[in-house]
Amino acid sequence: MRLSKGFFPTVKEVPSDAVIPSHQLMIRAGLMRQLAAGVFSFLPVGYAVMKKVMQIIREEMDAIGGQEFHLPALNPIELWEETDRVKAFGDIMFHVKNRAMVLAPTHEEVITSIAKNHVKSYKEMPQIWYQIQTKFRNEPRPKSGVLRGRQFTMKDSYSMDSSWQGLDKSYDLHAEAYKRIYTRCGLTFHIVGASSGAMGGSGSQEFMVESNAGEDNLAVCTETGYAANVEIASSLVPNAERFAVSEPIQEVHTPNCKSIDEVATYLKMPTNRCAKSLIFMNDKQPVLVLMLGNDQLNESKLQSVFGQDIRPAQADELLQLTGADAGSIGPVGVENKFTVVADLRLENANGLISGANKNDYHILNLDLQRDVKVQSYHDFRMVEEGEPTADGKGTLRIVKGIEVGHIFKLGTKYSVAMKANFLDEQGKENPVIMGSYGIGVERIVACHIEQHHDEFGIKWQKSIAPYDVHLICVNMNSDTVKKKSEELYAELRSRGIAVLFDDRADASAGFKFKDADLLGMPLHVIVGEKNLKNNEIELKDRNSNKRWTVSVDAIVGEVVKFVKE
RNA sequence: CGGGAAGUAGCUCAGCCCGGCUAGAGCGCUUGGUUUGGGACCAAGAAGUCGCAGGUUCGAAUCCUGUCUUCCCGACCA
């Protein structure tokens with residue numbers, strides 16, 4: 001493509017709305033333009049990259065036996081009522097106003113409806129069905145360009161198996177395919193254990209790109225290879241002590257002591273003798289959660305025990321239920337009102353300090369075996385930077401990550417809800433065992449730029465670059481330079497190389513170089529008078545920014561070698 | 001949904017506090033000329049309902065009210 005003829009709307013200024021590098025560069029290099037919050041138009045260069053990424057995805061999905069579908073984004077709302085997900089998605093799902101339809105945020109229901117009608121026997125499984133399609137989600141706050149949008153492209157696939165072992169196999173095939181996809185797209189990533197959230201199911205992993213622009217926090221350890229979303233991460237931290245003698249319970253005045261630190265300082269006790277009480281509402285049932293000292297409660301872990309609907313109690317509810325405000329709440333004397341649960345670090349501990357359910361009073365010598373009926377102990381704790389890994393062999397680092405893929409073992413949640421059953425070898429009816437696997441296509445593009453750019457622009461890796469080579473004719477007004485450039489353009493194209501040719505007569509050399517750096521093709525071929533006099537042409541590797549010259553005779557071979565290797 | 005910021009030419013912004021000639025700059029764009037190895041130069045030119053609606057005023061980009069949009073922080077996020 002000739003730059004003089006094509007649509008390459010590059011901009012010099014940093015767009016005022018864009019904050020992160022990938023967003024700025026996707027606008028500046030003319031990959032896309034914003035139409036509304038979280039909604040983007042992809043322009044030819046941007047779409048060229050999208051197509052490359054989608055092609056890699058298709059190849060790897062096909063390689064594990066995937067079959068490509070194209071499912072409707074417009075769905076009847078009744079379909080979503082079958083699985084009760086109209087409610088589960090709530091305001092996230094777009095509803096069509098003038099017909100009882102919704103815009104699909106994902107496709108489990110459509111897939112399951114097809115499976116229900118057509119997959120009737122164990123002999124017909126396993127199946128892997130996938131599509132690359134536009135998804136719609138009414139995100140409350142779109143942000144970071146394409147990273148959190150209201151309309152985006154997703155590769156979603158679904159596996160159907162007749163056994164749980166089969167599901168494991170389909171899941172593992174996807175995990176391996178995903179590793180190949182991200183690697184081929186030039187991304188370095190973590191695979192982390194994740195919470196399956198409202199998707200349900202028995203297990204899930206996320207593919208995460210480490211980036212300050214990320215919205216998720218990950219606990220990773222380079223020594224042991226441990227990596228988990230902090231939503232589920234655990235670490236090795238000692239439990240609270242159990243003393244041989246359990247002193248009698250005692251109420252003490254603790255004026256103006258709200259936080260654990262204030263209480264501990266006032267009472268001259270270490271914070272790890274304090275049991276912090278947090279109140280949640282599980283529907284109408286209040287739940288009191290005990291945490292040790294300054295440990296932060298991990299609400300995802302709480303949800304995995306009590307379900308998605310549990311929420312923090314409001315201040316007026318606290319007062320009404322306990323007679324005290326936050327900071328003075330404790331587990332003693334409220335057992336008949338509350339379900340009391342505690343973090344594992346507090347298991348059977350004694351000699352603890354807790355709130356007395358009376359403002360400005362705390363209780364000493366609390367014994368969780370003696371004084372409180374703790375219904376159960378769970379890991380509720382948020383891990384922190386620098387803690388040892390659960391096996392004690394490494395140290396956790398907390399980093400931010402962008403989720404570029406998520407794989408779930410769904411199990412039978414959808415097949416049971418929608419009665420997608422099959423007959424097994426014994427002629428017995430069973431629900432299909434499913435998995436669901438997603439990849440955000442735009443996120444791959446944005447993450448690639450986050451990982452491959454400099455102050456001047458993008459540095460496309462060869463696998464997904466929109467063009468292989470950026471050919472720059474430094475001066476179109478010089479006949480020799482122009483002639484050589486045109487020859488090269490024709491010759492390289494005849495060798496099957498995708499060439500972007502800067503043949504603009506009215507742009508200065510500097511202007512062309514800046515545009516080339518911004519657009520970021522892997523190899524720049526620079527034809528100018530200076531080098532042509534010595535029968536040479538200059539090359540620049542955009543990744544390393546190294547330049548070198550090659551004789552005119554050898555240039556085509558050199559370029560072909562660079563592109564193909 | 002809570003908190004903050006911003007909407008003025010295609011882009012980046014000034015002007016607004018303290019109302020007053022014909023609303024500005026740089027970049028980009030058009031025409032002509034000179035340039036051509038790191039976002040050139042000269043000359044001429046086109047380009048705006050100052051987000052929208054209402055109000056105050058002799059007079060509003062500027063003050064007031066409402067509203068829409070966008071961005072940032074938080075909440076939320078299968």
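All chains are named by letter (A, B, ...) in the order of the sequence lines, taking the proteins before the strands, and each is independently numbered beginning at 1.
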Find every protein N or O atom lying less than 3.5 Å from an N or O atom of nucleotides 40-48 of chain B, and list the pairs.
| from | atom 1 | to | atom 2 | distance (Å) |
| --- | --- | --- | --- | --- |
| B/A40 | OP2 | A/S508 | OG | 3.3 |

### Query
Which residues pass the side chain to side chain donor-acceptor pair (under 3.5 Å) test with A/E78, sequence neighbours left out?
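Expected list: none.
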### Task
Would you please name every residue forming a side chain to side chain donor-acceptor pair (under 3.5 Å) with A/D468, sequence neighbours left out?
none
[X]: side chain to side chain contact (heavy atoms under 4.5 Å, CB included) partners, not counting sequence neighbours:
| X | answer |
| --- | --- |
| A/P44 | A/F7 |
| A/T412 | A/W164, A/S415, A/V416, A/P431, A/I433 |
| A/V481 | A/C473, A/S478, A/S485, A/V527, A/E529, A/L532 |

For [X], ring pair (Phe, Tyr, Trp, His ring centres under 6.0 Å) partners two or more places apart:
| X | answer |
| --- | --- |
| A/H378 | A/F380 |
| A/Y130 | none |
| A/F152 | none |

### Residue mapping more 5' on RNA chain B - nearest nucleotide basis, A/A507 or A/K12
A/A507
### Base-contact (B) and sugar-phosphate-only (S) positions in nucleotides 4-13 of chain B, heavy-atom cut-off under 4.0 Å, - elsewhere
-------BSS
### Query
Hey, does A/K179 have a side-chain heavy atom less than 4.5 Å from the side chain of A/F207?
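They are in side-chain contact.
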Atom pairs under 3.5 Å, N or O on each side, protein against nucleotides 73-75 of chain B: can you list them with distances?
| from | atom 1 | to | atom 2 | distance (Å) |
| --- | --- | --- | --- | --- |
| B/C73 | OP2 | A/R141 | NH1 | 3.3 |
| B/C73 | OP2 | A/R141 | NH2 | 2.7 |

### Query
Would A/E231 and A/K301 pass as an ion pair if we require N to O under 4.0 Å?
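A/K301 and A/E231: not salt-bridged.
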## Note on the structure
Contact check, residues 531-538 of chain A vs RNA chain B, heavy-atom distance under 4.0 Å, returns A/N531, A/E538
